[in-house]
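Here is the structure we will look at, set down as structure tokens.
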Amino acid sequence: KAGVTQTPRYLIKTRGQQVTLSCSPISGHRSVSWYQQTPGQGLQFLFEYFSETQRNKGNFPGRFSGRQFSNSRSEMNVSTLELGDSALYLCASSSRSGSSYNEQFFGPGTRLTVL
Amino acid sequence: AQSVAQPEDQVNVAEGNPLTVKCTYSVSGNPYLFWYVQYPNRGLQFLLKYITGDNLVKGSYGFEAEFNKSQTSFHLKKPSALVSDSALYFCAVRDPNMDSNYQLIWGAGTKLIIKP
């Protein structure tokens, strides 16, 4: 079974620009979550989607948005980029939502650098 | 407030020696507990989890963890460390009544360095 894929793997943007990151979950997985990972803040929850519906959003400004498509692929968008948005953005899928014992399967991440 | 603590930022172990990466938590009830590992330039990989049953859980790559309810701990262990075990390790905890990943509490991570 193919793992979680994320594209692109690396991005360099300048302040004020916007960016779209893509995530394809493991086949059959309908739950997708996004995380921001930085050395100072660790792993921070961004969003969780299940069956095209956003279940929860973390404590991030409205510049951060996302969506999930009918094939469970997900995208996240960051508008008006700031220097502090530089981070590794991780996508994770799991087989279903509402099962708190399920582990997550992570993609390799997208390394975003904002200059 | 619910929390997870990984008290050591870094753990150094000689190859062949046993290793322990510590995790303590503060969550009401009987939590679900997870360990993940992150190798350089990679995403996180699931290692093992405790849901219920035997307090000693065995996972991938020869790792195991022991759930200790009285000490609210879930330390990760391996009898004999390999250089390839060098990575960043994360503990995560969830209240079983909270089914969203929004409510999954992550530790800050512990960098494990295995020296030849």
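Just so it is clear: chains get the letters A, B, ... in the order the sequence lines come, proteins before strands, and each one is counted from 1.
Few gaps surround NZ on A:K57; more than 12 heavy atoms of other groups in view lie less than 6.0 Å from it. Under a cut-off of 6.0 angstrom, the local environment of CG in B:N30 is sparse, with at most 12 non-hydrogen atoms contributed by other residues, nucleotides or ligands. Crowding of A:R15 atom CZ: a count of heavy atoms from other residues, nucleotides or ligands under 6.0 Å not exceeding 12. No more than 12 heavy atoms of other residues, nucleotides or ligands sit less than 6.0 Å from atom NZ of B:K111.
Contacts between A:L46 and chain B at a heavy-atom distance below 4.5 Å are absent for every atom of the residue. For A:Q44, no part lies near chain B; criterion is any non-hydrogen pair under 4.5 Å. The contact between A:F45 and chain B is made entirely by side chain atoms (from C-beta outward), counting heavy-atom distances below 4.5 Å.
Both A:L83 and A:V19 belong to a single network of hydrophobic side chains, linked directly or stepwise wherever heavy atoms of I, L, V, M, F, W or Y lie under 4.5 Å apart. B:I114 and B:V21 end up in the same hydrophobic cluster when Ile, Leu, Val, Met, Phe, Trp and Tyr side chains are linked at under 4.5 Å. Grouping the Ile, Leu, Val, Met, Phe, Trp and Tyr side chains by contacts below 4.5 angstrom, directly or via other members, places B:Y32 apart from B:Y50. Following chains of ILVMFWY side-chain contacts shorter than 4.5 Å, one can reach B:Y61 starting from B:L19, so the two form part of one hydrophobic cluster. Under the 4.5 Å side-chain heavy-atom criterion for grouping Ile, Leu, Val, Met, Phe, Trp and Tyr, B:V27 is connected to B:L48 within one hydrophobic cluster.
Interface residues of residues 37-47 of chain B toward chain A, defined by a heavy-atom distance below 4.5 Å and sorted by number: B:Q38, B:N41, B:R42, B:G43, B:L44, B:F46. For residues 74-92 of chain B, heavy-atom neighbours of chain A at less than 4.5 Å comprise B:L88, B:F90, sorted by residue number.
Between the B:Y36 side chain and the A:Q104 main chain, a donor and an acceptor come within less than 3.5 Å of each other.
In this structure, B:L104 and A:Y35 have side chains that are in contact, with non-hydrogen atoms separated by less than 4.5 Å.
Between the CZ atom of B:F34 and the CG atom of A:N102 there is a distance of 7.5 Å, given to the nearest 0.5 Å.
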